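Following: one structure in structure tokens, then a few remarks.
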There are 2 protein chains.
Amino acid sequence: MAKKENQQAADSTEQKIFDAAHEVFTQKGMDGTKMQEIADRAGINKALLHYYYRTKEKLYESVARAVISKAIPAIRQIIESDLPLEEKIRRFIETYIGIISRNPFIPLFIISEINKHPERFIDSLMPKDLPKPAFFFRQVEDEIAAGRIRPIKPQHLIVNVISLCVFPFVGKPMMRILLGMSAGEMRLFLEERKDEVTNFVLAALRP
Amino acid sequence: MAKKENQQAADSTEQKIFDAAHEVFTQKGMDGTKMQEIADRAGINKALLHYYYRTKEKLYESVARAVISKAIPAIRQIIESDLPLEEKIRRFIETYIGIISRNPFIPLFIISEINKHPERFIDSLMPKDLPKPAFFFRQVEDEIAAGRIRPIKPQHLIVNVISLCVFPFVGKPMMRILLGMSAGEMRLFLEERKDEVTNFVLAALRP
DNA sequence: ATAAAGTTTAACCGTTTGGTCAAATCCGGG
DNA sequence: CCCGGATTTGACCAAACGGTTAAACTTTAT
């Protein structure tokens, strides 16, 4: 009982650090983040960062792993499921946009990380359980062969769908400027994305 | 004549600094770039960075302005031209993907900058001559009214086109992992994007 | 109650960083 | 050649930065 409370207290400091680091790293990246800032945000002494996480690098990797793993399982389940293709595409779009809406830092963080430190991403951050799109590709090809969708390379299709889901969130500030929208208008616009992307993709696939 | 040579020598040091800064800033961002590194890359004494550009911030802004302005004029000309809609979309895709292919750092740089420092972007880096999409929007609406394309909100259309053009380049390392491609295969894949995006968009617009 | 283990603190460390400054050097014109 | 302006150099600066350390404090186990 007393041991359990202590465990929670230890978890609490470690968790405080993690949460603060999560906020600052996702906002300012690795280089722009100072350890003192994380400590300030967590309301603790900076030395504790090293007590619990040893180095800045390791703290960053912990956060990065958590960020990266936030999206993978649900996406993987859909990609590898045996739902009919159209239903799969609908589900993918709905799920992916849902996840990104609730965690808008994810795409930019991952993209930034993988572009700046490809080796680190591949060597230690990349999840082992990435979705395998082979079944999806076969589905696309079967639908093409059956004449139910127009011919398209499956690789391009999946890249198109991902692009349409992700980029408006990544490029949101710029889209907003280009479209001359207020913050409220932009929020509404992004809420429409699920339907708009689904309709666009399915329309593009008509034979 | 002799004065001209001196002018060129001055330009040469300033240009050397700019070119080196361009390389390092676009790769490592503002926070990850050290002034000594730029000086090393330019083969000059670090104090010259301050002689010519005063501060790191000003040097960064010079580079950022150049990066941002690389894409705008050609894009703007197309968006605001009175080409027929289908031709406009073809031209836009071809031009935009062409620019990004030759300058793959542009999207990530701009996205990173605008997400990390929106005020700086809006206050001092944003070009005054951004494309105004109003005419494009009217064209889309006219084509819908005439039954030549299927109904779609013009704002979503332009965001879709931009997303399809840009994101595969921004997310290239991740796409490559997902698709299990070699570097050579990925290059070929990106070369196909012009046609694939054009076909996809035009297919999506069929009535 | 006591000792051991765990956690926290605050001062400190060496290195790095953007920037400064005065002297040296270069250049062009008279 | 001399002079003044422009450019370059190399040493230096203070602050920032990730990290260390030993002592103090807290918690746990006996």
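Because the structure is a prediction, the values reported are computed rather than measured. All chains are named by letter (A, B, ...) in the order of the sequence lines, taking the proteins before the strands, and each is independently numbered beginning at 1.
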- [ ] Would you kindly give the NZ-to-P distance between Lys16(A) and dT7(C), to the nearest whole Å?
- [x] 14 Å
Open item on the list: Just the rounded figure in Å: distance from P of dC25(D) to CD1 of Ile44(A).
Closed with: 20 Å
- [ ] Check the distance between dA24(D)'s P and Asn45(A)'s CG and give it to me in whole angstrom.
- [x] 16 Å
Task: With sequence neighbours excluded, residues passing side-chain contact (heavy atoms from CB on, under 4.5 Å) with Arg90(B) - done: Glu86(B), Glu87(B), Thr198(B), Leu202(B)
- [ ] Evaluate the criterion salt bridge (charged side-chain N to carboxylate O under 4.0 Å, His left out) for residue pair Lys153(B) and Glu196(A); output intermediate values, then yes/no.
- [x] CA-CA 9 Å; Lys153(B) 292 188 183 181; Glu196(A) 291 287 338; 5.1 Å; no
Open item on the list: Using whole Å, what does the distance between atom P of nucleotide dT7(D) and atom CG of Leu49(B) come to?
Closed with: 15 Å
Task: Gap between atoms CD and P, on Glu14(B) and dA6(D) respectively (whole Å) - done: 14 Å
Task: Contacts of Gln36(A) that satisfy side-chain contact (heavy atoms from CB on, under 4.5 Å) - sequence neighbours left out - done: Ala39(A), Asp40(A), Lys46(A)
- [ ] Quickly work out the Leu48(A) CG to dA24(D) P distance and round it to whole Å.
- [x] 18 Å
Task: Protein-nucleotide distance (Leu59(A), atom CG; dC17(D), atom C1'), rounded to Å - done: 15 Å
TODO: Taking only heavy atoms on the protein side, list every residue of residues 113-121 of chain A lying under 4.0 Å from any atom of DNA chain D, sorted numerically.
DONE: none
TODO: Summarise protein proximity over nucleotides 12-19 of chain C in one line of letters, 5' to 3': B for base, S for sugar-phosphate only, - for none, counting protein heavy atoms closer than 4.0 Å.
DONE: -----SBB
TODO: Examine dT8(D): is either OP1 or OP2 under 4.0 Å from a nitrogen or oxygen in the side chain of Thr13(B)? Give yes or no.
DONE: yes
Task: Sequence-distant partners of Phe109(A), ring-ring contact (aromatic ring centres under 6.0 Å, His included), two or more places apart - done: Tyr60(A)
Task: Nearest-angstrom distance from the residue atom OH of Tyr60(A) to C1' of dG19(D) - done: 20 Å
Task: Results of side-chain contact (heavy atoms from CB on, under 4.5 Å) for Ser62(B) - residues two or more places apart only - done: Phe18(B), Tyr53(B)
Open item on the list: Which residues pass the ring-ring contact (aromatic ring centres under 6.0 Å, His included) test with Phe121(A), not counting sequence neighbours?
Closed with: none
Task: DNA chain C: 5'-proximal contact among Ala47(A) and Tyr51(A) (nearest heavy atom) - done: Tyr51(A)
Open item on the list: Surrounding NZ of Lys172(A) (heavy atoms of other residues, nucleotides or ligands, distance under 6.0 Å), is the total greater than 12?
Closed with: no
Open item on the list: Suppose the criterion is salt bridge (charged side-chain N to carboxylate O under 4.0 Å, His left out): which pairs have a residue in residues 48-58 of chain A, not counting sequence neighbours?
Closed with: Glu57(A)-Arg120(A)
Task: Where at least one partner belongs to residues 173-202 of chain B, residue pairs that pass ring pair (Phe, Tyr, Trp, His ring centres under 6.0 Å), sequence neighbours excluded - done: His156(A)-Phe189(B)
